[in-house]
Amino acid sequence: MDIIVCIKRVAQTAEAEVKIDSSGKDIIKDRLTFDMNESDTYALEEAILLKEKFGGTLTAVSLGTVEAEDTLRIALAKGADSAIRIKAEDFQELDGYKTAQLLKAAIKDLKFDVVFTGCIATDDYYSLVGVTLAELLGVPHATLVTKIVIQDTKAQVHRELEGGLVEHLEMTLPVLFTIQTGINEPRYASLIAIRRAAKKEIKVIGASEIDPANIQANASLEELFTPSVGKRAEILTGSMDEISAKVAGIIKEKGLL
Amino acid sequence: MNEIFALVEHRQGAIRDITYELLSCGRKLAEKENTKLTAIILGHNTDDLVQILKSQAHRLLVVDNDVFKDFNSELYQITLNEIMKKHNPMLFLMGHSAFGMDLCPALATQLGVPFTTDCLDIEFMEQKLKVTRQIYDGKLNAKVQLRENPGYMITLRSGCFPAGEGSLDGSVERFDTPVSTQPDYRKFIEYIEAAVGEVDITKSDILVSVGRGIKDQANLSIIEDFASAIGGVVACSRPVVDAGWMAKDRQVGSSGKTVKPKLYIALGISGAFQHIVGMKGADTIIAVNKDPNAPIFSEADYGIVDDLFKVMPVLKTKISEVKLAKG
Ligand SMILES: Cc1cc2nc3c(=O)[nH]c(=O)nc-3n(C[C@H](O)[C@H](O)[C@H](O)COP(=O)(O)OP(=O)(O)OC[C@H]3O[C@@H](n4cnc5c(N)ncnc54)[C@H](O)[C@@H]3O)c2cc1C
Ligand SMILES: Nc1ncnc2c1ncn2[C@@H]1O[C@H](COP(=O)(O)O)[C@@H](O)[C@H]1O
């Protein structure tokens with residue numbers, strides 16, 4: 001089975017302060033940490049599990065700056081056979097649509113039975129790259145996938161809907177899945193594997209392979225701004241004792257104690 | 001002037017809430033743009049849907065066929081592609097739901113129509129469409145302009161456009177689908193209902209909910225102790241379930257449960273919108289988070305900006321004291 005997994009390196013912003021830079025169109029990145037996008041770690045694990053079961057090849061692809069190669073090396077250390085980086089620096093105004101077109105250009109000549117992406121990138125929050133890529137590749141897709149069982153060319157697939165409801169689909173390969181978190185237990189890469197992966201070659205492609213003029217964006221960013229905080233919580237202050245007494249008071253007042 | 005389209009989302013016979021939000025948003029835009037709103041219904045035995053939605057749109061475009069009994073984005077795509085080519089609406093609205101996420105990017109790409117997803121706000125200026133989206137874990141908003149085109153497609157975030165009463169009397173128009181069977185490459189088989197667990201978090205007046213900030217499964221015992229001291233039940237955000245630390249039936253949010261307790265205490269939960277939609281109906285929300293900019297503080301009534309592991313022991317003692325004093 002030949003498998004491709006798309007991986008994005010993203011800023012880890014859940015616990016960090018996110019500040020807009022002087023251009024007004026980007027964030028200040030120097031104090032942020034970067035790592036593999038959360039759902040991509042699950043997509044990668046699912047890809048490795050398939051490869052372990054059926055054999056074949058696993059290629060990891062990322063559109064990013066040179067740092068994305070660190071993320072690709074994690075994929076190599078965990079079990080990918082080869083990796084491709086598309087040089088983000090060669091392409092301007094990268095929205096999700098453009099990203100999907102570039103990913104397509106990078107993988108269209110590879111053989112594949114399954115393409116994996118994550119279900120959402122936590123930086124741009126689109127949830128569109130996987131489905132768009134499937135459409136561009138001309139293969140069927142399923143989003144928010146939480147279970148995959150493949151036999152021959154048939155896949156039994158679970159999609160997660162709202163409220164915990166699951167949709168069971170039957171699909172025929174080749175196919176593209178966008179993977180939801182929790183589908184598996186992503187492994188850690190061993191130190192030896194990481195060291196070995198450091199020496200592997202990563203194929204880099206850019207404007208000389210993909211003509212930027214042929215790739216169109218759907219959206220252009222006008223400005224970034226901080227969301228207006230509607231109703232803002234009353235922040236309780238004081239010593240831990242005082243704060244706790246206030247909370248206990250609030251709960252008591254509501255008649256809940 | 002070309003129309004505005006909105007896709008009716010229904011599942012297991014019921015119209016999904018997002019449908020009313022799409023239609024209400026569509027009506028407002030149609031009024032502003034001096035055009036009409038068409039609700040697109042793909043379903044089977046749609047008479048009830050049509051009756052319910054008649055007041056919500058100027059026109060209902062109905063495709064009634066048993067292949068639409070259940071949602072299959074491939075069948076939707078094939079049919080909507082025909083409808084779109086015929087009508088060329090200026091805007092096609094869908095929900096940013098498991099349904100819209102699966103359909104919109106594929107259909108728009110096939111048609112070559114510029115699109116974007118998860119929009120919180122939309123604004124038409126001349127022929128240009130500008131939308132507001134949230135990025136970086138909801139910490140920033142981005143205003144984005146779509147590539148200029150006679151038509152656009154977008155998905156809307158739920159909860160951003162209030163549903164409204166309609167006073168229209170929509171005409172009904174029927175459309176035939178070019179498909180009559182599910183394609184081999186993607187067949188809907190069945191729905192699988194969520195397993196029923198030992199506790200029903202939707203029944204509890206007090207929920208003590210933990211997020212990734214709990215760091216380790218071992219730390220859950222602190223929270224369980226606190227919850228029982230206060231007479232509540234422990235719930236959680238998605239990453240806690242993904243990690244296997246708590247059962248799926250404890251998860252609050254869009255892909256978990258919607259809860260409306262009297263008191264919701266959120267511990268180490270950032271406040272992603274998929275979580276917020278599940279708990280914003282709580283009477284009182286108290287959030288503990290060490291990040292003062294965590295989006296949860298825009299939803300909570302009271303906030304404590306600190307380490308939850310410092311807060312919890314003291315708070316538990318205080319609660320016990322107050323309880324004792326009450327006698
Ligand atoms: C289709 C889809 C459906 C989803 N459905 C759901 C859903 O139903 N429910 C859900 O919850 N999520 C859902 N999610 C995931 C959601 O987007 C977020 O990823 C998730 O809610 C984040 O959970 P969290 O707040 O626990 O973790 P994080 O976002 O990682 O936040 C952890 C928080 O803990 C704080 N913290 C860390 N340590 C401490 C400490 N010691 N003391 C105090 N605070 C601390 C941090 O400051 C941070 O704010 C869904 C996502 C998708 C794409
Ligand atoms: N720059 C990128 N490089 C590789 N894969 C990407 C990139 N951007 C998005 N993806 C893939 O598409 C998924 C969904 O991203 P998005 O549509 O941007 O939310 C991600 O989880 C990745 O698997």
Side-chain angles (χ1 to χ4, degrees), chain A residues 11 13-15 17-18 20 27 122-128 131-132 134-136 140-141 143-144 159-162 164-172 181-182 217-227 229-230 232-236 240-241 243-245 247-248 250-252 254 256-257, chain B residues 74 97-98 101-102 105-106 109-110 114-118 134-137 139-147 184-194 205-206 241-242 248 254-256 262-263 270 284 286-287 291 293 297-298 300-305 310 314-315 318-319 322-323 326:
Chain A
T13 48
E15 301 189 15
E17 191 178 358
V18 184
I20 302 166
I27 58 166
T122 54
D123 54 357
D124 61 37
Y125 238 71
Y126 282 126
S127 287
L128 72 78
V131 177
T132 308
E135 184 64 29
L136 295 171
H141 68 269
T143 53
L144 301 167
R159 286 187 70 216
E160 181 186 80
L161 310 178
E162 287 78 13
L165 190 69
V166 167
E167 180 181 311
H168 172 191
L169 301 172
E170 185 178 277
M171 303 187 73
T172 310
T181 57
N218 266 334
S220 64
L221 178 66
E222 299 229 303
E223 56 165 334
L224 293 179
F225 58 99
T226 315
V229 280
R232 173 87 189 158
E234 177 187 337
I235 301 294
L236 306 175
M240 199 51 75
D241 253 0
I243 290 176
S244 297
V247 173
I250 292 163
I251 299 175
K252 186 162 179 238
K254 309 269 172 202
L256 292 170
L257 272 185
Chain B
E74 292 290 339
S97 54
M101 273 182 228
D102 213 58
T109 300
Q110 180 179 18
F115 69 101
T116 196
T117 51
D118 194 17
Q134 224 158 49
I135 55 174
Y136 294 113
D137 289 299
K139 291 199 167 166
L140 286 184
N141 282 4
K143 187 169 251 185
V144 166
Q145 184 181 318
L146 275 80
R147 170 168 60 80
D184 252 1
Y185 54 82
R186 177 165 170 163
K187 276 198 174 116
F188 172 90
I189 305 289
E190 61 177 340
Y191 289 119
I192 303 167
E193 304 285 339
D205 279 345
I206 301 178
V241 176
D242 288 344
K248 182 83 181 168
S254 62
S255 56
K262 294 198 169 117
L263 177 65
S270 62
T284 302
I286 302 176
D291 173 7
N293 297 312
F297 290 125
S298 308
D301 300 289
Y302 302 96
I304 301 171
V305 180
K310 277 199 250 156
V314 187
L315 186 54
K318 274 282 178 276
I319 298 256
V322 172
K323 258 191 151 169
K326 197 178 149 197

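Every chain is numbered from 1, with letters handed out A, B, ... down the list of sequences. Keep in mind that what you see is a predicted model, and the values were worked out from it rather than measured.
Between A:Thr132 and B:Pro105, the closest heavy-atom pair is OG1-CB, 3.4 Å. Here the closest heavy-atom approach between residue A:Gly182 and residue B:Asp242 is recorded as CA-OD1, 3.3 Å. Among all heavy-atom pairs drawn from A:Val131 and B:Asp102, the shortest one is CG1-O, 3.8 Å. For the residue pair A:Ala219 and B:Val144, the shortest heavy atom distance occurs at CB-CG1, 3.2 Å.
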(message) Run B:Arg186 and A:Glu167 through salt bridge (charged side-chain N to carboxylate O under 4.0 Å, His left out) and show every step you take.
(response) CA-CA 12 Å; B:Arg186 177 165 170 163; A:Glu167 180 181 311; 3.6 Å; yes
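Annotation: maximal heavy-atom pairing with chain A below 4.5 Å, among B:Gln110, B:Lys262, B:Lys318, occurs at B:Lys318. When each of B:Asp205, B:Asp184, B:Val305, B:Ile286 is checked for heavy-atom pairs under 4.5 Å with chain A, B:Asp184 comes out on top. No other option in B:Ser255, B:Ser254, B:Ala194, B:Ser97 has as many heavy-atom pairs under 4.5 Å with chain A as B:Ser255. No other option in B:Asp301, B:Leu263, B:Asp291 has as many heavy-atom pairs under 4.5 Å with chain A as B:Asp301. Taking A:Lys254, A:Glu15, A:His141 one by one and counting their heavy-atom pairs under 4.5 Å with chain B, the maximum is reached by A:His141. By number of non-hydrogen pairs under 4.5 angstrom with chain A, the leading residue of B:Asp137, B:Ile206, B:Asp118, B:Ile319 is B:Asp137. Of the residues considered (A:Thr122, A:Ile27, A:Thr181), A:Thr181 shows the highest number of contacts with chain B, using heavy-atom pairs under 4.5 Å. Ranked by heavy-atom pairs shorter than 4.5 Å toward chain A, the options B:Thr117, B:Thr116, B:Ile192 are led by B:Ile192.
Rounded to the nearest 0.5 Å, atoms OG1 (A:Thr143) and CZ (A:Arg159) are 3.5 Å apart.
Looking at A:Leu161, the atoms closer than 4.5 Å to chain B (heavy atoms on both sides) sit in the backbone and in the side chain alike. Using a 4.5 Å cut-off between heavy atoms, A:Leu144 touches chain B through its side chain atoms alone. The contact between B:Lys139 and chain A is made by backbone and side chain atoms together, counting heavy-atom distances below 4.5 Å. Contact annotation for B:Glu74: only side-chain heavy atoms (C-beta onward) come within less than 4.5 Å of a heavy atom of chain A. For B:Asn141, the parts lying near chain A are the backbone and the side chain together; criterion is any non-hydrogen pair under 4.5 Å. Both the backbone and the side chain of A:Ala14 come within contact range of chain B, each with at least one heavy atom under 4.5 Å from a heavy atom of that chain. In this structure, the portions of B:Leu146 lying under 4.5 Å from any heavy atom of chain A include both its backbone and its side chain.
Under the 4.5 Å side-chain criterion, counting only non-hydrogen atoms from C-beta, A:Asp123 is not in contact with A:Thr13. Using a 4.5 Å heavy-atom threshold, the side chains of A:Met171 and B:Tyr185 count as separate. In this structure, B:Val314 and A:Asp241 have side chains that are in contact, with non-hydrogen atoms separated by less than 4.5 Å.
Neither side chain, A:Arg232 nor B:Ser298, offers a donor N or O lying under 3.5 Å from an acceptor on the other.
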